[in-house]
Novice: 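Shown below is the structure under consideration.
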Amino acid sequence: MARLFVMIGVFLGSAALGLLAAAGLVDGFRLRIFGFVTTVVIYAIVQSLVTAWLGRVAEARARALVGLSGLGATVIALVIASWFGGAIWISGLTAWFWGAIVVWAVSSVAALALPRLLAALGVEAARERPAEA
């Protein structure tokens, strides 16, 4: 059960980092504090569902496109999160293009790095705890 909560936390954290990075790096990609948590949750849920679906479709029909399914899922998740989350405002095709690339890249790297970081922190915390008899 603890592993599930860590995985959910990593997924939400990586989504938040991706959105924040896009807001900081891409002109025309804005985030409002009000509704940010809701937007992250909506984005993360849609991203996970669409990634699974697009991955299966791409694998069945065009194996070469499996890698791009994550980027496609990011675009779809951004569209839906911008409709319902209330915290994302993306203006112009350039902002949509670069915003999707940045969110996808940062959230992908964060999804790989955060579990390793948490594991390293957990190992350090375990070393610092006194041994129980």
Side-chain angles (χ1 to χ4, degrees):
M1 186 63 122
R3 179 172 272 179
L4 175 65
F5 287 126
V6 169
M7 287 174 41
I8 291 170
V10 165
F11 198 67
L12 290 172
S14 64
L17 288 173
L19 291 169
L20 289 170
L25 296 172
V26 178
D27 198 29
F29 194 108
R30 307 242 189 279
L31 286 176
R32 293 186 301 213
I33 297 300
F34 179 73
F36 179 71
V37 173
T38 305
T39 298
V40 168
V41 171
I42 290 170
Y43 171 82
I45 290 170
V46 171
Q47 168 74 350
S48 65
L49 295 173
V50 173
T51 297
W53 176 73
L54 280 179
R56 276 187 254 126
V57 169
E59 191 172 317
R61 295 202 173 32
R63 287 190 181 270
L65 298 178
V66 171
L68 292 177
S69 65
L71 185 57
T74 298
V75 172
I76 293 168
L78 283 174
V79 168
I80 293 172
S82 69
W83 289 343
F84 297 109
I88 297 178
W89 180 74
I90 307 171
S91 174
L93 287 177
T94 304
W96 275 100
F97 176 80
W98 288 112
I101 299 278
V102 169
V103 171
W104 172 71
V106 171
S107 63
S108 296
V109 170
L112 293 173
L114 285 176
R116 291 183 178 159
L117 176 65
L118 292 174
L121 292 174
V123 169
E124 289 300 317
R127 287 183 186 158
E128 293 174 4
R129 267 188 252 137
E132 295 180 23

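For the single chain, residues carry numbers from 1 onward in sequence order.
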Novice: What are the two closest heavy atoms between Leu78 and Trp96, and how far apart are they?
Specialist: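 Nearest heavy atoms, Leu78 then Trp96: CB-CZ3, 3.8 Å.
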Novice: Grab the two heavy atoms, one from Ala100 and one from Leu71, that are nearest each other, plus how far apart they are.
Specialist: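 The answer is O-CD1, 3.9 Å.
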Novice: Which atom pair, heavy atoms only, marks the closest approach of Ser107 to Val103?
Specialist: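 Smallest interatomic distance, heavy atoms only, reads OG-O, 2.6 Å.
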Novice: Hydrophobic clusters here meaning ILVMFWY residues chained together by side-chain heavy-atom distances under 4.5 Å, can you tell me if Leu112 and Ile101 are in one?
Specialist: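 No, it is not one cluster - the side chains of Leu112 and Ile101 are not joined through contacts under 4.5 Å.
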Novice: Once you round to the nearest 0.5 Å, how far does CH2 of Trp83 lie from CD1 of Ile88?
Specialist: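 The CH2 atom of Trp83 sits 12.5 Å away from the CD1 atom of Ile88.
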Novice: Tell me whether Val109 shares a hydrophobic cluster with Trp98, the cluster being built from Ile, Leu, Val, Met, Phe, Trp, Tyr side chains joined at under 4.5 Å.
Specialist: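 In one cluster: no.
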Novice: Pairs under 3.5 angstrom only: tabulate donor-acceptor contacts from the side chains of residues 114-121 to other protein residues two or more places apart or in another chain.
Specialist:
none

Novice: Spell out, yes or no, whether Phe84 and Ile90 are grouped together once hydrophobic residues are joined by side-chain heavy atoms under 4.5 Å, including indirect joins.
Specialist: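 Yes: a chain of side-chain contacts under 4.5 Å links Phe84 to Ile90.
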Novice: Pair up each side-chain donor or acceptor in residues 12-31 with any protein partner under 3.5 Å, not counting sequence neighbours, and list the distances.
Specialist:
| from | atom 1 | to | atom 2 | distance (Å) |
| --- | --- | --- | --- | --- |
| Ser14 | OG | Val10 | O | 3.1 |
| Ser14 | OG | Phe11 | O | 3.0 |

Novice: For residues Val40 and Leu49: do they belong to one hydrophobic cluster (side chain heavy atoms under 4.5 Å, members Ile, Leu, Val, Met, Phe, Trp, Tyr)?
Specialist: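 Linked within one cluster.
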Novice: Looking only at heavy atoms, what is the nearest atom pair of Ala77 and Val46, with distance?
Specialist: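 Shortest heavy-atom separation between Ala77 and Val46 comes out as CA-CG1, 3.5 Å.
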Novice: Please say yes or no: joined through hydrophobic side-chain contacts below 4.5 Å, possibly via intermediate residues, are Phe97 and Val106 part of one cluster?
Specialist: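 Phe97 and Val106: one cluster.
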